Engineer: 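Before we start, here is the structure in question, set down as structure tokens.
Note that the structure is a prediction, hence the values are computed from the model and not measured. Worth knowing before you read on, the calculation uses all heavy atoms, side chains too, and leaves out hydrogens, waters and symmetry mates.
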Amino acid sequence: MAVDPSARVHASAVIEAGAVIGPDCEIGPFAVIGPEVTLGRGVVVKSHAVLTGWTEIGDDSTIFPFASVGEIPQDLKFKGERTRLVVGKRTRIREGATLNTGTEGGGGVTRVGDDCLIMTGAHVGHDAQIGDRVVLVNNVAIAGHCVIGDDVIVGGLSGVHQFVRIGKGAIIGAVTMVTNDVMPYGLVQAPRGELDGLNLVGLKRRGVERAEITALRAAYQMLAQGEGTFLDRARRLAEETESRHVREITDFILSASDRSFLTPK
């Protein structure tokens, strides 16, 4: 056990031998820190949180009460192999959230990026890859092997099917089941997740130029109504566009997918 002298550890907390507690960390009452857990600088672990497994928490992150971080995967194929969970800097993991380590068959690492907000009761499954500035609202369930791009928001009580990819800047409405890939900047809603436009509010909040938003609107219409199959339209759009944001969409669509795509109405 290596606890930096500047760390503040409550007398009732359990820190197992082998754990590494960085400078200026704060460990609350009845928290449990397992033997393979590493906490960066300034990490706050509040009362009754449990951090276990081969888990790394980035600087200035906060783990709220009753969160379970780094437990083994919910996968019947898991046989105790040594796998990891890596959480980035300044990420907040709220009450009752659960984040699992990876599996050997899925690459061995579950990752959560910087500046994320994992809200109450949310779940991040094994081998999921979560980008930066992602918000998972209360009771969201991210299944194994999902890939969630930067700046994505997933609304409360929503579920994302295993192997689904959600592209950068997309937004998923509340109480939505997402079973297919979502293109970057897409807006998905309805109980059985339908692609219903672009995340225009998110684009404007991030200061995307009007010309780029106009190009995205035109691209969406072409994907919805152009000639040929969805992939044919994406290939043609990739050849014609000069927009960086549109290019992100076409690159996403034309890359490998295990779940096909949600397509425009």
Engineer: Kindly check if the number of other-residue, nucleotide or ligand heavy atoms within 6.0 Å of CZ (Arg217) is above 12?
Structural biologist: no
Engineer: For the residue pair Ser243 and His245, confirm or rule out a side-chain donor-acceptor distance under 3.5 Å.
Structural biologist: no
Engineer: Would you list the atom pairs, donor with acceptor, under 3.5 Å between side chains in residues 50-58 and any protein atom, with sequence neighbours excluded?
Structural biologist:
{"unit_1": "Thr55", "atom_1": "OG1", "unit_2": "Thr52", "atom_2": "O", "d": "2.6"}
{"unit_1": "Glu56", "atom_1": "OE1", "unit_2": "Arg84", "atom_2": "NH2", "d": "3.2"}

Engineer: Any non-hydrogen side-chain atom of Val109 less than 4.5 Å from a side-chain atom of Asp127?
Structural biologist: no
Engineer: For atom CD of Glu209, decide whether the heavy atoms of other residues, nucleotides or ligands shown that lie under 6.0 angstrom number more than 12.
Structural biologist: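 At most 12 heavy atoms, drawn from other residues, nucleotides or ligands, come within 6.0 Å of this atom.
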Engineer: Show me the donor-acceptor pairs, under 3.5 Å and distance only, between side chains in residues 85-96 and residues at least two apart or in other chains.
Structural biologist:
{"unit_1": "Arg90", "atom_1": "NE", "unit_2": "Asp115", "atom_2": "OD1", "d": "2.7"}
{"unit_1": "Arg90", "atom_1": "NH2", "unit_2": "Asp115", "atom_2": "OD2", "d": "3.1"}
{"unit_1": "Thr91", "atom_1": "OG1", "unit_2": "Gly113", "atom_2": "O", "d": "2.8"}
{"unit_1": "Thr91", "atom_1": "OG1", "unit_2": "Asp115", "atom_2": "N", "d": "3.4"}
{"unit_1": "Thr91", "atom_1": "OG1", "unit_2": "Cys116", "atom_2": "N", "d": "3.1"}
{"unit_1": "Glu95", "atom_1": "OE1", "unit_2": "Thr120", "atom_2": "OG1", "d": "3.4"}

Engineer: Less than 4.5 Å apart, side chain to side chain, heavy atoms only: is that true for Leu198 and Leu187?
Structural biologist: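 When only atoms from C-beta onward are counted, Leu187 and Leu198 do not touch, as no gap falls below 4.5 Å.
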Engineer: In terms of hydrophobic clusters joined by side-chain contacts under 4.5 Å, are Phe252 and Leu262 together?
Structural biologist: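 Linked, Phe252 and Leu262 end up in one cluster.
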Engineer: Is it the case that Asp181 and Ser257 place a side-chain donor and acceptor less than 3.5 Å from each other?
Structural biologist: yes
Engineer: Do Val32 and Ile15 come close enough that some side-chain heavy atom pair is under 4.5 Å?
Structural biologist: no
Engineer: Which atom pairs, one a donor and one an acceptor, fall under 3.5 Å between side chains of residues 139-158 and the rest of the protein, sequence neighbours left out?
Structural biologist:
{"unit_1": "Asp150", "atom_1": "OD1", "unit_2": "Asp132", "atom_2": "N", "d": "2.8"}
{"unit_1": "Asp151", "atom_1": "OD1", "unit_2": "Arg133", "atom_2": "NE", "d": "2.7"}
{"unit_1": "Asp151", "atom_1": "OD2", "unit_2": "Arg133", "atom_2": "NH2", "d": "3.3"}
{"unit_1": "Ser158", "atom_1": "OG", "unit_2": "Gly155", "atom_2": "O", "d": "3.0"}
{"unit_1": "Ser158", "atom_1": "OG", "unit_2": "Gly173", "atom_2": "O", "d": "2.8"}
{"unit_1": "Ser158", "atom_1": "OG", "unit_2": "Val175", "atom_2": "N", "d": "3.3"}
{"unit_1": "Ser158", "atom_1": "OG", "unit_2": "Thr176", "atom_2": "N", "d": "3.1"}

Engineer: Hey, are Asp196 and Gln189 close enough side-chain-wise for a donor-acceptor pair under 3.5 Å?
Structural biologist: yes
Engineer: May I ask whether Val201 and Tyr185 are part of the same hydrophobic cluster, defined by side-chain heavy atoms of I, L, V, M, F, W, Y residues being less than 4.5 angstrom apart, directly or through others?
Structural biologist: no
Engineer: I'd like to check Arg233 versus Arg236 (side-chain heavy atoms, cut-off strictly below 4.5 Å). Are they in contact?
Structural biologist: yes
Engineer: Run the salt-bridge test on Lys168 and Glu248 with the 4.0 Å N-O cut-off and return the result as yes or no.
Structural biologist: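 Counted as a salt bridge, because a side-chain N and a carboxylate O are separated by less than 4.0 Å.
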